[in-house]
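Reckoned from all heavy atoms, side chains included, excluding hydrogens, waters and symmetry mates.
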Protein chains: 4
Amino acid sequence: MAEPTRERPTQAQRRDGTRQRLLDSATELFSQSGYHGTQVMDIVSKAHVSAGTFYRYFEDKQAIFFAIAQKLADHELQEAKKTHVLFSTAADFASTVTSMVQYYEAHFERVLAQAALYRCLLHSGVVDPARDHLWKMNERSTAALADHLRNAGITDTRDHESLARMILGIGAELRFSMIHSGQPTAARAARLATRCVIGALAAFTTQLPSHLKPSEQVWAATLQRLTLVE
Amino acid sequence: MAEPTRERPTQAQRRDGTRQRLLDSATELFSQSGYHGTQVMDIVSKAHVSAGTFYRYFEDKQAIFFAIAQKLADHELQEAKKTHVLFSTAADFASTVTSMVQYYEAHFERVLAQAALYRCLLHSGVVDPARDHLWKMNERSTAALADHLRNAGITDTRDHESLARMILGIGAELRFSMIHSGQPTAARAARLATRCVIGALAAFTTQLPSHLKPSEQVWAATLQRLTLVE
Amino acid sequence: MAEPTRERPTQAQRRDGTRQRLLDSATELFSQSGYHGTQVMDIVSKAHVSAGTFYRYFEDKQAIFFAIAQKLADHELQEAKKTHVLFSTAADFASTVTSMVQYYEAHFERVLAQAALYRCLLHSGVVDPARDHLWKMNERSTAALADHLRNAGITDTRDHESLARMILGIGAELRFSMIHSGQPTAARAARLATRCVIGALAAFTTQLPSHLKPSEQVWAATLQRLTLVE
Amino acid sequence: MAEPTRERPTQAQRRDGTRQRLLDSATELFSQSGYHGTQVMDIVSKAHVSAGTFYRYFEDKQAIFFAIAQKLADHELQEAKKTHVLFSTAADFASTVTSMVQYYEAHFERVLAQAALYRCLLHSGVVDPARDHLWKMNERSTAALADHLRNAGITDTRDHESLARMILGIGAELRFSMIHSGQPTAARAARLATRCVIGALAAFTTQLPSHLKPSEQVWAATLQRLTLVE
DNA sequence: GATGAATGAGTCTTCATTCAT
DNA sequence: TATGAATGAAGACTCATTCAT
């Protein structure tokens, strides 16, 4: 007889439901119109609650913005960690590339929905460093990748932070294009990004012991494989 | 010896002076406080003109913002095109790389010098697709680079747009970091970016006739030179 | 005996109350100072609400003006239609004239009672063809009267629109005078207008079958009666 | 050798020319958009003079408005007197009617251009009785017609003012329609107005000595003639 | 006399936030 | 606890008028 889902929801459940609806509405609206282009009234209308209710869940308009930012940042950090593992654990080049393609493909499919939000959050024009966890998260994400690059034995540069940024930039612009024009597809984007990244990394791994570097054949074959997709 | 145009700072000159003062004031204020943190009244006060005068020169607040953005974007596009030409005409690899470093260094220096303005433009949160010259400029940059890549004989991918985006992304993230933390320096950023970009491009130029590709020695030497900076 | 709707003057009732207070305040102020002489702040102050509240109920300043005009025009059109019906159904001339006098008297009394408002509406100088309900109402009045004249069997002219306009013009100028000088009184104006209108109509009903036209005696007696008022 | 038109205009002539251009521009703009819908800048642009020049010729915006009003009022008064003569001098009915048609036709053709202005001036929302000569002129025009009606021997009413207004109203609405819809044509409007007016007057001339009234045949024939136009 | 750049008080309108019901 | 009417400070924008050139 226990059908918890059919019983009327507890206070706490309703509370969470309302809060979640507000967050969802705000997320969509911020993504579309930016922080300043979104009014509290728009958010509450979309969430089917009243203006007053909003302020029971969030102190003010910035609060919901930062709540979203926080959530996204947490999520991104976790995802980023998964990626970086690739760089450090892969025993051989071929499997690294394969994993990288798989990761990017999953990544692009997954983040498409969030990319607009991500960009909005970073470029929102909200300036309140004291509360800006998002920016810190972004930095932490970069730092994590930098660490992995360092551990992977890259010694051609000591500025692994910047290298990490550049590599993240490769994906960022592709993602941005996908949101706005739908081009390229996740599958192709993954190949392009992988190819681009391994090329970039190659330029920073001249000092790697030769047994860790792919032979010329492997390199050619790998690029060949990445090309086949188009 | 009669230079009548210099004698009386005529109407036209006063006009231009006023317009310039408004642009300067706005640039500084937008840099400091962002678009939404700056009031029209602040701009006119700083420029020592009245509210009404502002609207003689700019249709509304957004107009002056876009005028500033446009000017910066135009300049960048010009500079970028100068360099991109190299991709297609450069006789030899070494000079291409040298030019690329020079371009990047100049670019990053400009960015550093006007970091606050860049930050404002990128983070303004102004969303008005109908008038967003900034966004159009970005697309034009991409298109211009894509064209050059195509002309340079890159046939490993037919999606030169995406390749262009990825390359621009490399610089974008670096710029973003410089704007916020001042790191890395323009000189180092230029080397890093160049190295990263030529690596990335190498991964897309497997089909280039061998006489166009750098020999292994040249390649190694080039990377070596790019490394020396640190 | 439970009348819950009367117990608590609910939201909806408060809403209507506020809207009505705004309309009343605006009506009075527009009457006194005209459209351009009245500020939104004046209206809200008089209605004891805040500036923001105004815009919950009316899109902008013009909207409340047109709301007032519309209401008055609607009412007048209703009243006019009631009378115009007489033109087509009236069995005999005498009762038509009696009704016409009654209608005009009521109309002119309304005008006198709200002379200032009428003056404001007529002289507001608001020119916005896209939203000018007043103008549309005027056209609707003309069309309605033209229809009735047509149905009444007037065939001396096929331009019933123009005939309608001329008849409406008779009343309009009288109204205009009453608004500004209070002269003539509603009672006399009604007789004058009726007499003038039936004279004018007589000049357009030569082809009416004779049994529908008043005999010379009836005509003379009618005019006599209309004269008695002075 | 005397070609005064080719010699360069005197100061005084240029002054008058400029003033006239300003008046013409203002007239057209006020007619189209009303007083409040017309900006001083619009007027000076149309007149090809600078903002400052405007204030050399007119004290302020209201001054040019009243200058136009004054001129129109003077003109109207003169024209009105011509008409009214018809009522008092015509020896016989038939020639009165003929003259009336001619007058109305000329009137409608002439005033079409000014009617919009006329209405704008009366309904402009400019409220400054101290300077409002136009309103007084309007009253004088009414008074003049009233006098003529009185002199013509109309004794059915003593309120010749109101009668005059009603008669003027007949033409006013027709004129207004002609401006906005182009309907009816001046020729038809003249017949319609004449017919309407003589009908209206007939209803106020029951006490005229019979030798002054048209016989039934003349009446019928007159109306017949007025009808032929359609 | 003419010009047109500059003025600035005046208004409308917005929207995050509060609070009585 | 939810509602939504009310708040009011804030800010963009206008336009008749002035005045240095």
Whole angstrom value for the distance that separates P of E:dC12 from CD1 of C:Ile43:
8 Å
Which base sits across from E:dC15 as a Watson-Crick or G-U pair, both distances under 3.5 Å?
F:dG8
Between P on E:dA2 and CG on D:Leu22, what's the gap in Å once rounded to a whole number?
10 Å
For D:Arg19 and E:dG1, give me the distance from atom CZ to atom P, rounded to whole Å.
14 Å
Trace of the side-chain hydrogen bond (donor to acceptor under 3.5 Å, both in side chains) decision for B:Asp24 with B:Gln20:
CA-CA 6 Å; B:Asp24 292 345; B:Gln20 196 53 50; 3.1 Å; yes
Could you tell me the separation between the CD atom of D:Gln62 and the C1' atom of F:dC15, rounded to a whole number of Å?
15 Å
Separation of atom CZ in C:Phe58 from atom P in E:dT14, rounded to whole Å:
15 Å
Less than 4.0 angstrom between a side-chain N/O of B:Tyr57 and OP1 or OP2 of E:dA5, yes or no?
no
Heavy-atom donor-acceptor pair, D:Asp42 side chain to D:Gln39 backbone, under 3.5 Å:
yes
Any donor-acceptor pair under 3.5 Å from B:Thr38 side chain to B:Leu29 backbone:
yes
Re E:dA20: Watson-Crick or G-U wobble partner, both distances kept under 3.5 Å, found to be F:dT3
Please give, in whole Å, the distance from E:dC15 C1' to A:His36 NE2?
13 Å
Rounded to whole Å, please give me the gap between CG in C:Asp42 and P in E:dG10.
13 Å
Tell me if a side-chain donor or acceptor on A:Lys61 pairs with a main-chain N or O of A:His36 at a distance below 3.5 Å.
no
Hey, are the side chains of D:Tyr57 and D:Val49 touching, using non-hydrogen atoms and a 4.5 Å cut-off?
no
Starting at the 5' end of nucleotides 7-12 of chain F, put B wherever the base has a protein heavy atom under 4.0 Å, S where only the sugar-phosphate does, and a dash everywhere else.
BB--SS
Distance, nearest 0.5 Å, that separates OH of A:Tyr35 from CD1 of A:Ile64
10.0 Å
